[in-house]
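One structure below.
Note: hydrogens, waters and symmetry copies are ignored here, and every other heavy atom, side chains too, is used. Numbers here simply count residues along the sequence, with the first being 1.
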Amino acid sequence: QVQLVESGGGLVQAGGSLRLSCAASGSIFSIDAMGWYRQAPGKQRELVADITNSGRTNYKDFVKGRFTISRGNAKGTVYLQMNSLKPEDSGYYYCNAQNRVSPDEEYDYWGQGTQVTVSS
């Protein structure tokens, strides 16, 4: 129904910047919100930031002031500007798209992930 493709990951030194991009295809009309999650080795996947169709944003505390999530001009596009990167930011970053079909039901779609490595 919805396919997501991420890009922009790579290797940077501590203090550097990366911009992650995500493009959705398929039933993009069904998307209510999009976001970014990360997963470090041996840890659970966790929310980094998300944004609704109305533009409301939500950030995990550890990235506030450093990362910015934004919507693209085209429907189904989202970016994550990552500044002042730290080694602990390393991991796989996944784009997420949400389709809330009722107050009690939500479908989530995931991209394949893009790797971010921050060296010290």
Q. Considering all heavy atoms of both residues, which atom of Lys75 and which atom of Ile31 are nearest to each other, and what is their separation?
A. NZ-O, 3.4 Å
Q: State yes or no: do Leu80 and Tyr92 share one hydrophobic cluster built from I, L, V, M, F, W and Y residues joined by side-chain heavy-atom distances below 4.5 Å, directly or via other members?
A: no
Q: Spell out, as yes or no, whether a donor-acceptor pair under 3.5 Å connects the side chain of Ser27 to the backbone of Phe29.
A: no
Q.
Once you measure the plane-to-plane angle for Trp110 and Tyr94, does it fall in the parallel (<30°), tilted (30-60°) or perpendicular (>60°) bin?
A. perpendicular
(Q) In this structure, would Phe67 and Val116 fall into the same cluster of hydrophobic residues linked by side-chain contacts under 4.5 Å? (A) yes
Q: Give a yes or no on whether the backbone of Ile69 and the side-chain of Tyr59 come within a donor-acceptor separation of less than 3.5 Å.
A: yes
(Q) Main chain of Leu11, side chain of Thr117: is a donor-acceptor contact present, judged purely on distance under 3.5 Å? (A) no
(Q) Could you check whether any side-chain heavy atom of Tyr79 comes within less than 4.5 Å of a side-chain heavy atom of Leu20, counting everything from C-beta outward? (A) no
Q. Between Asn96 and Asp108, is any side-chain donor less than 3.5 angstrom from a side-chain acceptor?
A. yes
Q. Is Arg100 salt-bridged to Glu105, going by a charged N under 4.0 Å from an acidic O?
A. no
Q) In terms of hydrophobic clustering (I, L, V, M, F, W, Y; side-chain heavy atoms under 4.5 Å; direct or indirect links), are Tyr107 and Ile51 co-clustered? A) yes
(Q) Are Glu106 and Val101 packed together at the side-chain level, in the sense that at least one heavy-atom pair is separated by less than 4.5 angstrom? (A) no
Q) If you round to the nearest 0.5 Å, how far is CZ of Arg38 from CD of Glu88? A) 8.5 Å
Q: Check Ala24 against Leu4 and note the closest heavy-atom contact, atom names and distance.
A: CB-CD2, 3.4 Å
Q.
Could you measure the distance from the CG atom of Asn99 to the CD1 atom of Ile28? Nearest 0.5 Å is fine.
A. 12.5 Å
Q) Does the pair Tyr109 and Gln1 meet the rule for a side chain to side chain contact (heavy atoms under 4.5 Å, CB included), with working shown? A) CA-CA 9 Å; Tyr109 303 91; Gln1 187 175 359; 2.6 Å; yes
Q.
Can you confirm whether Met34 sits close enough to Cys95 that some side-chain heavy atom of one is under 4.5 Å from a side-chain heavy atom of the other?
A. yes
Q) Ser90 side chain to Val118 main-chain N or O, any donor-acceptor pair under 3.5 Å? A) yes
Q: For the pair Arg66 and Asp89, find out whether any cationic side-chain nitrogen is under 4.0 Å from an anionic carboxylate oxygen.
A: yes
Q | 4.5 Å side-chain heavy-atom contact, Asn58 and Leu47 | A | yes
Q) So, the side chain of Arg45 versus the backbone of Gln39: is there a donor-acceptor pair under 3.5 Å, distance only? A) no
Q. Given side chains that start at C-beta, do those of Asn83 and Thr68 come closer than 4.5 Å, heavy atoms only?
A. no
Q. Is Met82 linked to Tyr37 within one hydrophobic cluster, defined over Ile, Leu, Val, Met, Phe, Trp and Tyr using a side-chain heavy-atom separation of less than 4.5 Å?
A. no
**Q.** Pro87 versus Ala14, closest heavy-atom pair with distance
**A.** CD-CB, 4.1 Å
Q | Partner residues of Glu6 under the side-chain hydrogen bond (donor to acceptor under 3.5 Å, both in side chains) criterion, sequence neighbours left out | A | Gln112
Q. Should Ser70 and Gln81 be marked as a side chain to side chain contact (heavy atoms under 4.5 Å, CB included) after you check the CA-CA gap, both sets of side-chain angles, and the distance that decides it?
A. CA-CA 8 Å; Ser70 61; Gln81 180 66 45; over 6 Å; no
Q.
Nearest 0.5 angstrom please: Asp32 CG to Ser54 OG, how far?
A. 10.5 Å
(Q) Less than 4.5 Å apart, side chain to side chain, heavy atoms only: is that true for Lys60 and Val48? (A) no
Q: Nearest 0.5 Å please: distance from the CZ atom of Phe62 over to the NZ atom of Lys86.
A: 9.0 Å
Q: Step by step, work out the side chain to side chain contact (heavy atoms under 4.5 Å, CB included) result for Val78 and Trp36.
A: CA-CA 9 Å; Val78 66; Trp36 291 94; 3.9 Å; yes
Q. Can you tell if the side chain of Ser30 reaches within under 4.5 Å of the side chain of Val2, non-hydrogen atoms only?
A. yes
